[in-house]
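Chain letters run A, B, ... following the sequence lines, proteins first and then strands; every chain starts at 1.
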2 protein chains.
Amino acid sequence: MASLDRSIVANVPVFAGLSPADLDVILSEARSVRYPRECSVFDQGTEAHSFFVLLHGHLRVEKMTPQGQQIVVRYVSAGELFGVAQAMGLKEYPATAIAVVESVALCWPSKAWQHLIARFPALAAGALQTVGNRLQDTQARVLEMSSEQVEQRIAHALLRLAKQAGRKVERGVEIDFPISRQDVAEMTGTTLHTVSRILSAWEQQGLVEGGRQRIVLREPHKLFGLAEGRSKE
Amino acid sequence: MASLDRSIVANVPVFAGLSPADLDVILSEARSVRYPRECSVFDQGTEAHSFFVLLHGHLRVEKMTPQGQQIVVRYVSAGELFGVAQAMGLKEYPATAIAVVESVALCWPSKAWQHLIARFPALAAGALQTVGNRLQDTQARVLEMSSEQVEQRIAHALLRLAKQAGRKVERGVEIDFPISRQDVAEMTGTTLHTVSRILSAWEQQGLVEGGRQRIVLREPHKLFGLAEGRSKE
DNA sequence: TCGTGGACTTGCGTTGCAGCAAACTGCGTC
DNA sequence: GACGCAGTTTGCTGCAACGCAAGTCCACGA
């Protein structure tokens, strides 16, 4: 396989604090893999054989209850470390990751983790930060679900998506990958129907613009107001 | 200060994989602190000056929304690492930790973290597992809040508490620290009133036994059935 | 012993949202 | 160009749980 140049991971926060030479060593153990749209990178319950860094694209991470209910855990964007189940002491992936657009990821065998962090403590520190941020996000979500109404939760979710994967278009900010009302419902702990109703209402007011698996925020600022719970005036 | 003997941390999972000599080095930088009941160990929003290992007692970790709503993030039991905000890249504690019973913790200055993990990679690995477990728990909670009814969520919460801090008594399993209905409500994203109603109903059926800041599970197995969503027969 | 306040209980009215059902629409495909 | 499906919209109905309010009970301190 052609060796990977370290310039491709220049913007990966988890590798910040590593010298170019260290990076070369780390990259020499990786291979890059392409995932077509709707293809799964790993599946909940299967052996955690690898960990990854997303180079390009977007993934949806979803998790299923024993009863068969599904939720969207989060979306992964380029530059993020993911699939570190093994490092967290799990033998199996706790969720499923699916490419929502054609994506490319670096991939290391999980067993490389042990000796990599022994040799490069900065890597462990970076991973700890990544997982820590995720923990913060997840706790924020619990807080939202405990204290906010559905409308506010959806507003928050859209704003977060826009921040993470927003693309400026003439009419506002578009979420840069296909996302259905069902997906939004699974992010916010509500139903497809309720999301549809609320987005329709917002579209009437000119706050958003919809479409098939497409959402454009036209008035992010007003949405932010809604998210913070200011009643509509 | 009297130096700390490594036997006191023999059962701390985060220190597994470290040699006795390593442990001595790590412990030499720690001091132990006693916290009376209802006393805070650290406060949300204040500088993350230290990280801790709980030696004895129980802590309640709670978090407040900007709007003033509060939730219980989790309970910390003896042997757990906590307050690792700095290691996760935060400058401030994201939550408040309060001793629910008289407690004792080991305490390190946050700035020690850097050089400790550089010297003892196993420590970083342990911390990653700790934070990883917490992430799993929090995600499980999101799943519960998305897919379960209040009654099931409360059953799950009580079973988790019993597992983590249950004490066998003649009549069943008692939760080993004072916990109010309000606390349970803040753990499950519901209200004091609803918790009270449900616990009363359960008490009628002989599933639990209540009291002022006291909960005894008399039929954990039946509760488990409820938690799994099997309708009451 | 009595008083006070915090924890808990319980009834009642209200409501946000889920659940069901049915129709619509845009997109890919044959 | 027609078909079929997946994604979406929308109306209606029911109910779980919230919010309020009015109590009771118990622990602790004076």
For R218(A), what residues pass the salt bridge (Lys or Arg N to Asp or Glu O under 4.0 Å) criterion, not counting sequence neighbours?
E209(A)
Whole-Å gap separating P (dA17(D)) and CG (L199(B)):
14 Å
Starting at CD of Q69(A) and ending at P of dA18(C), how long is that distance when rounded to a whole Å?
11 Å
Would the distance check show the side chain of T194(B) and the main-chain N or O of T190(B) forming a donor-acceptor pair, the cut-off being under 3.5 Å?
no
Using whole Å, report how far CD of E38(A) lies from P of dG7(D).
8 Å
Do E186(B) and K63(B) sit within salt-bridge range, that is, some charged N less than 4.0 Å from a carboxylate O?
no
Backbone N or O of L192(A) within a donor-acceptor pair of the S196(A) side chain at under 3.5 Å?
no
In whole angstrom, what separates E209(A)'s CD from dT9(D)'s P?
13 Å
Residues 69-77 of chain A, side-chain donor-acceptor partners within the protein, below 3.5 Å, at least two apart:
unit_1: S77(A); atom_1: OG; unit_2: H58(A); atom_2: ND1; d: 3.4
unit_1: S77(A); atom_1: OG; unit_2: Q164(A); atom_2: NE2; d: 3.0

Run the salt bridge (charged side-chain N to carboxylate O under 4.0 Å, His left out) check on R167(A) and E174(A) step by step: do they pass?
CA-CA 5 Å; R167(A) 189 166 50 86; E174(A) 175 163 5; 3.4 Å; yes
Atom of L54(A), atom of F82(A) and distance for their closest heavy-atom approach
N-CE2, 3.6 Å
R34(B) bridged to E102(B) by N-O distance under 4.0 Å:
yes
From CE of M145(B) across to P of dA16(D) the rounded distance in Å is 19 Å
For the helix from dT1(C)-dA30(D) to dC30(C)-dG1(D), how many degrees between its two end axes (five pairs per end), to the nearest 10°?
40°
Could you check how far CD of Q149(A) sits from P of dA18(C), rounded to whole Å?
11 Å
Over how many whole Å does the gap from E203(B) atom CD to dT10(C) atom P extend?
9 Å
If the sugar-phosphate is the primed atoms plus P, OP1 and OP2 and the base is the rest, what is the B/S/- string for nucleotides 18-30 of chain D, using protein heavy atoms under 4.0 Å?
SBBB-----S---
So if I take residues 175-186 of chain B and measure heavy-atom distances to DNA chain C, which residues fall below 4.0 Å?
S180(B), R181(B)
Starting at atom CD of E151(B), determine the distance to atom C1' of dA17(D), rounded to an integer number of angstrom.
12 Å
Regarding S196(A), tell me which of base, sugar-phosphate or nothing describes its non-hydrogen contacts under 4.0 Å with the strands shown.
base
Measure centre to centre between the rings of Y93(B) and H49(B), then say whether the value is under 6.0 Å.
yes
What is the nucleic acid contact for G210(B), judged by heavy atoms within less than 4.0 Å: base, sugar-phosphate only, or nothing?
nothing
Side chains of L161(B) and M187(B): closer than 4.5 Å at any heavy-atom pair?
yes
Of I198(A) and Q213(B), the one whose closest DNA chain C nucleotide lies more 5':
Q213(B)
Name all residues meeting the side chain to side chain donor-acceptor pair (under 3.5 Å) criterion together with N11(A); count only those two or more places apart in sequence or in a different chain, and write none if there are none.
none
